[in-house]
2 protein chains.
Amino acid sequence: MDLDERKKRILESIIKDYVETAEPVGSRAVVKKHDLKISPATVRNEMADLEEMGFLEQPHTSAGRIPSEQGFRYFVDWMMEKEHLSDNEMEMLQKVLTDNNHEWHEIAQSIGNFLAQATSYTSFVIVPAITLSDFKYIQLVPVDANRALVLMVTEPGVIMHRKIEVPDKVSTEDLDQLSKTFTHVLGGKKPGEVRRSDLSLLRDRLRQKKQIIDRVLDVIDNLLDNSAGEKVVVSGALNILNEPEFKDIEKIKRVLAILEEDERLRHIIPDQINEDVNIRIGKENEVEDIKEMSLVFAGYKTLGEMGKIGLIGPVRMEYWKAAGSVESVRSIVEDVIKRS
Amino acid sequence: MDLDERKKRILESIIKDYVETAEPVGSRAVVKKHDLKISPATVRNEMADLEEMGFLEQPHTSAGRIPSEQGFRYFVDWMMEKEHLSDNEMEMLQKVLTDNNHEWHEIAQSIGNFLAQATSYTSFVIVPAITLSDFKYIQLVPVDANRALVLMVTEPGVIMHRKIEVPDKVSTEDLDQLSKTFTHVLGGKKPGEVRRSDLSLLRDRLRQKKQIIDRVLDVIDNLLDNSAGEKVVVSGALNILNEPEFKDIEKIKRVLAILEEDERLRHIIPDQINEDVNIRIGKENEVEDIKEMSLVFAGYKTLGEMGKIGLIGPVRMEYWKAAGSVESVRSIVEDVIKRS
DNA sequence: AGTTAGCACTCTCCGGGGGCGAGTGCTAAC
DNA sequence: GTTAGCACTCGCCCCCGGAGAGTGCTAACT
């Protein structure tokens, strides 16, 4: 894929202009804005070439040109330099993340908010399923006379809890005893691995406390069902309302509906990704309703599965900024995870 | 406030029609739709009267009438019958709430989702600050060699936790001992009441474990700062996109921006409310950006402060449905709280 | 051979004018 | 007090024409 230097210059000019203004760019504007030493007529010839190659298109005969999706693709692949976050911004994010040693979904929310704010696009953070991490610890804690809390800690330090009812006569010592047994049998296993054999083993060992055990097992089952999946956090969804391409309410509805429903959002990101920043432009996306948007995303390493983080914006996107920001945030997030 | 029977009939017809179609209602339509035994001309006279009284208005000379905000107010105060949820719907909600014995914000989310779905408006659920409930229980649970979990349970059964670092040499027994002391000193107190005196008492008693205590106190401080406020959950925000009065993007942006930011949303609901369903129509609202919307809300009793639950919709709202649904949901929610 | 000026052409955008239809208010009759 | 009839008003929609922006082509220039 080689374009001569001048064509690249022109393509770049058109992309930068179009991304900024959302209007077709004319030959005259290209010359003026970027101080090229050639005439509009020459630019017109070059633009005709670029159009023939598929990098530009004309909304109608007498308008300027806009970059095609293929044009953006060429730019992204061969010409773009990622614009990372400034030191200042990096510090800010780091500060936010170390200040709040809260629950995972608050952290994810902070990251998402930051990314959305920094780029003015819509961000998403996908926190991987806990299913694949190991149980480390199961503790029963009394809450009041006839209720207890089942507290579960898994390997990367994710904490889950549920309340259960217990018979009046159970003492704190009994609960401790139970906790030890649970931890012993289930500790080190992934929730997905815990199955029939372990459970019946437990039942045997603790036959006399059957009622409580059943409740705890119910809770574990319940957790497997309910929070087995990845969690999705979306921020800055309203940013898309600022893009001039979204002046049609139906279009807005379609896109916001996806962003609102975790299940659908999850489907638009590929399952298998690595740590590199990945860009999907418009129709490169497979899901119908997102074919007029672009995605910029990357995976981040956790102790378990890969997490995912990224941006959703119009095809007319500042890819350099988006890709740089995602990359910067990814590296900070991985740092924070490593240190926690 | 007395209108004769015929005027009421006509006002009601116009309101029902207008709410359904979002278009001005003509005299002819009123007669046809509701089988009145009078002619359009008579209706026109009555409508002119109603307009003079301020209950109707004309978008322009040659259009039909639409109800004024005052007209809606009269209807709501004197004529409307609340339309409660069906038995079927009540059961559904009850099932959802008892199935999920999860954390408060999941429950609030379920309630909100249900209300939004049932009415096609945007719902909000405000969960009162935990600040005002009593500490019941503080427990330190070891997580690994040098980390522990601070687990706090407050009276209505709200559970909060944070990780802290502890020195290597601290044993589980030490932690238990600390837990007992914390619980003893702080138990029964509201987080807001816990202050200097208690903390120094703690420090005195447990001088030798100073490091851990400081960490725990930091955590408590942190919780007071971070989760002291009420929590707000919004559902079905996208429903407003379906209302024909929102075809202007700027308007949508203004309203969605409020719904997205908890802080601002909190300000549009009065602080002091009771369990009755309360309706604010259009300009009756004090916050500028919400003056073109209506609110239907009620308080629900918890063990601590009142919680709030309600709907946001256009002025052209099905108040009967909205008020009935809010009332039904409120009663179910209070039931569930009482039983938990 | 590549570059440039000149020019006719195309197409969108915008504002004005006219016809249509819905609904009113008024008047006069019942 | 109610109703039919009718002239009138006003928004909506469509069409038309001019202005402006930008192109493609041709022919001249370097």
Side-chain angles (χ1 to χ4, degrees), chain A residues 2-11 13-18 20-68 71 244-245 247-248, chain B residues 2-11 13-18 20-68 71 244-245 247-248:
Chain A
D2 44 349
L3 287 183
D4 67 54
E5 215 38 55
R6 195 168 68 183
K7 282 199 173 58
K8 281 190 184 173
R9 254 330 264 283
I10 291 173
L11 178 57
S13 298
I14 292 174
I15 286 180
K16 295 259 158 137
D17 254 42
Y18 178 66
E20 190 181 335
T21 65
E23 311 248 298
V25 184
S27 53
R28 215 183 139 70
V30 172
V31 176
K32 263 200 178 164
K33 193 112 174 198
H34 299 270
D35 272 345
L36 302 192
K37 307 164 302 297
I38 48 180
S39 75
T42 310
V43 173
R44 279 204 290 281
N45 287 331
E46 296 284 45
M47 293 198 320
D49 288 353
L50 285 166
E51 182 170 359
E52 209 171 342
M53 292 184 240
F55 295 142
L56 295 179
E57 49 195 37
Q58 269 181 305
H60 50 263
T61 336
S62 78
R65 302 298 209 293
I66 64 175
S68 65
E245 31 272 272
K247 50 184 198 293
D248 172 21
Chain B
D2 44 347
L3 287 183
D4 66 53
E5 213 40 55
R6 196 169 67 184
K7 282 199 174 59
K8 281 191 184 173
R9 227 22 233 282
I10 291 173
L11 178 57
S13 299
I14 292 175
I15 285 180
K16 296 257 159 140
D17 253 41
Y18 177 65
E20 190 181 334
T21 65
E23 312 247 300
V25 184
S27 53
R28 214 185 141 67
V30 172
V31 176
K32 263 202 175 160
K33 193 112 173 197
H34 299 268
D35 272 345
L36 303 192
K37 306 164 302 298
I38 49 180
S39 77
T42 310
V43 173
R44 280 204 290 280
N45 288 330
E46 296 284 45
M47 293 198 323
D49 288 352
L50 285 166
E51 182 170 2
E52 207 170 343
M53 291 185 240
F55 295 144
L56 296 180
E57 49 195 36
Q58 268 181 305
H60 49 265
T61 336
S62 78
R65 303 298 209 292
I66 64 174
S68 66
E245 31 272 271
K247 51 184 197 292
D248 172 22

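Below, chains carry the letters A, B, ... as their sequence lines are ordered, and counting in each starts from 1.
Distances shown here put a side-chain N or O of B:R6 below 4.0 Å from the OP1 or OP2 atom of D:dT2. Contact annotation: A:R65 side-chain N/O to D:dG24 OP1/OP2 distance is under 4.0 Å. For C:dG23, the OP1/OP2 oxygens have no side-chain nitrogen or oxygen of B:S27 closer than 4.0 Å.
Remark: P of C:dA1 and CG of A:N45 are 15 Å apart, rounded to the nearest angstrom. Nucleotide C:dT3 holds its C1' atom 13 Å from the CD1 atom of A:I10, rounded to whole Å. Atoms CD (A:E51) and P (D:dT23) sit 10 Å apart, rounded to a whole Å. Rounded to an integer number of Å, the gap from B:E46 CD to C:dT24 P is 14 Å. Following rounding to the nearest Å, B:Q58 (CD) and C:dA22 (P) show an atom-to-atom distance of 17 Å. For the pair B:R44 CZ and C:dG23 P, the computed distance is 11 Å after rounding to whole Å. Between the CG atom of A:L50 and the P atom of D:dT23 there is a distance of 13 Å, rounded to whole Å. The CZ-C1' distance, from B:R28 to D:dG5, rounds to 14 Å in whole Å.
For the atom pair CG (A:D2) and NZ (A:K8), the distance works out to 8.0 Å, reported to the nearest 0.5 Å. Of the inter-residue distances, the one linking B:K33 atom NZ with B:T21 atom OG1 reads 7.0 Å to the nearest 0.5 angstrom. Interatomic distance, NZ of B:K7 versus CE of B:M53, reported as 4.5 Å (0.5 Å rounding). Going from atom CD of A:E51 over to atom CD1 of A:I66 covers 10.0 Å, rounded to the nearest 0.5 Å. In this structure, CZ on A:R6 lies 4.5 Å from CD1 on A:I38, to the nearest 0.5 angstrom. Separation of atoms CD1 (B:I14) and NZ (B:K16) is listed at 13.5 Å; rounding is to 0.5 Å.
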Starting at the 5' end of DNA chain C, what dot-bracket string do you get if Watson-Crick and G-U pairs under 3.5 Å are bracketed, crossing pairs use [ ], other-strand pairs use | and unpaired bases use dots? ||||||||||||||||||||||||||||||

Checking side chain to side chain contact (heavy atoms under 4.5 Å, CB included) for the pair A:V30/A:D17: CA distance, chi angles, key distance, verdict? CA-CA 8 Å; A:V30 172; A:D17 254 42; over 6 Å; no

Does A:M47 form a side chain to side chain contact (heavy atoms under 4.5 Å, CB included) with A:S27? I'd like the steps, not just the answer. CA-CA 8 Å; A:M47 293 198 320; A:S27 53; 4.0 Å; yes

Assess the residue pair A:L56 and A:L11 against the criterion (side chain to side chain contact (heavy atoms under 4.5 Å, CB included)); give the C-alpha distance rounded to whole Å, side-chain angles, the decisive distance to 0.1 Å, and a yes or no. CA-CA 8 Å; A:L56 295 179; A:L11 178 57; 4.0 Å; yes

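Across all their heavy atoms, B:G54 and B:S68 have their closest contact at O-OG, 2.5 Å. Nearest approach of A:Q58 to A:A63, heavy atoms of both residues: NE2-O, 3.5 Å.
Looking at heavy atoms from C-beta onward, A:V31 lies out of side-chain contact with A:T42 at the 4.5 angstrom threshold.
Non-hydrogen atoms lying under 4.0 Å from DNA chain D are contributed by B:K37, B:I38, B:S39, B:A41, all within residues 34-41 of chain B.
Nearest-nucleotide positions on DNA chain D for A:A29 and B:T42 put B:T42 closer to the 5' end.
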Sugar-phosphate means primed atoms, P, OP1 and OP2; the rest is base. With that split, encode nucleotides 10-15 of chain C 5' to 3' as B, S or - using protein heavy atoms under 4.0 Å. BBS---

